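Inspection log for the structure reproduced underneath, given as structure tokens.
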Amino acid sequence: MALLPILCYPDPKLHTVAKPIAAVDTGIQTLVANMLETMYEAKGIGLAATQVGVHVRLIVMDISESRDAPLVLINPKLNWVSPETHLNEEGCLSVPGVYDGVTRHDAVKVEALDGQGRMQWVEADGLLAMCIQHEMDHLQGKVFVEYLSPLKRNRIKTKMLKAQREARD
């Protein structure tokens, strides 16, 4: 397994729409393992393939306290969202150190392939529902800061670009 570099906002590659995965082969299974290792190392609870520069419809998550309950969603499709929504504070491994409120549906139902290529149906609420929606946005080329006001988004973009310049110097 290998740690993968995580793209940081405002990298334009984060706005690439991911393509469906045709087959769950050893290449995809290796990507899943590497993404899980990367997510755990970065202390995240979710990671989309788009965030590591691979533009396929693949998400890994683990919201468990013990960090031993990974969930793999390949070609995820939302089948239902609750009419109820909540404003939740979100962060993102591609926007390190930034947290802000985003309104998400309270519950979702999604179908997707698992890491072995078997169909699975997931009903989620709370943190898992929020995480699924957040990561599925990445597959559409959308970063959570795009839900924020233009002023907040521009401040975050300036902060991220400054941090990236300082890291290079």
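On a predicted model such as this, the values are computed, not experimentally measured, just so you know. In what follows, residues are counted from 1 in the order of the sequence shown.
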* Would a 4.5 Å heavy-atom cut-off, applied to side chains only, mark Arg104 and Glu90 as touching? -> yes
So the salt bridge (Lys or Arg N to Asp or Glu O under 4.0 Å) pairs with at least one residue in residues 138-153 (sequence neighbours excluded) are Asp100-Lys152
Evaluate the side-chain contact (heavy atoms from CB on, under 4.5 Å) criterion for residues Trp121 and Val110: first the C-alpha distance (whole Å), next the side-chain angles of each, then the deciding distance (0.1 Å), finally the verdict.
-> CA-CA 6 Å; Trp121 293 267; Val110 64; over 6 Å; no
Full working for side-chain contact (heavy atoms from CB on, under 4.5 Å) between Val72 and Ile59 = CA-CA 6 Å; Val72 176; Ile59 296 167; over 6 Å; no
Cluster membership besides Tyr99, Ile/Leu/Val/Met/Phe/Trp/Tyr side chains within less than 4.5 angstrom, sorted by chain and number, is none
Quiz item: With no hydrogens and no angle check, is any side-chain donor or acceptor of His86 less than 3.5 Å from a backbone partner on Asp106?
Solution: no
| field | Worked verdict on Val108 versus Val122 for side-chain contact (heavy atoms from CB on, under 4.5 Å) | value | CA-CA 8 Å; Val108 298; Val122 178; over 6 Å; no
### Query
What do you reckon, is CZ of Arg67 surrounded by more than 12 foreign heavy atoms closer than 6.0 Å?
yes
Q. Does Leu14 share a hydrophobic cluster with Leu31, counting links as ILVMFWY side-chain heavy atoms below 4.5 Å and allowing steps through other members?
A. no
Quick note, side-chain hydrogen bond (donor to acceptor under 3.5 Å, both in side chains) partners involving residues 159-169, not counting sequence neighbours, are none
### Query
Any side-chain donor-acceptor pair under 3.5 Å between His105 and Gln133?
no
Could you check whether atom CD of Glu123 has more than 12 heavy atoms from other residues, nucleotides or ligands sitting under 6.0 Å from it? no
Sorted by chain and number, sequence neighbours left out, side chain to side chain donor-acceptor pair (under 3.5 Å) with Glu111 holds for Asn79
### Query
Would you find a donor on one side and an acceptor on the other, under 3.5 Å apart, between the side chain of Ser94 and the backbone of Cys8?
no
With sequence neighbours left out, the residues meeting side chain to side chain contact (heavy atoms under 4.5 Å, CB included) with Thr30 are Asn34
In short, salt bridge (Lys or Arg N to Asp or Glu O under 4.0 Å) pairs touching residues 13-28 with sequence neighbours left out are Asp11-Lys13
Flag the pair Pro10 / Met160 as yes when at least one side-chain heavy-atom distance between them is below 4.5 Å, and no otherwise. yes
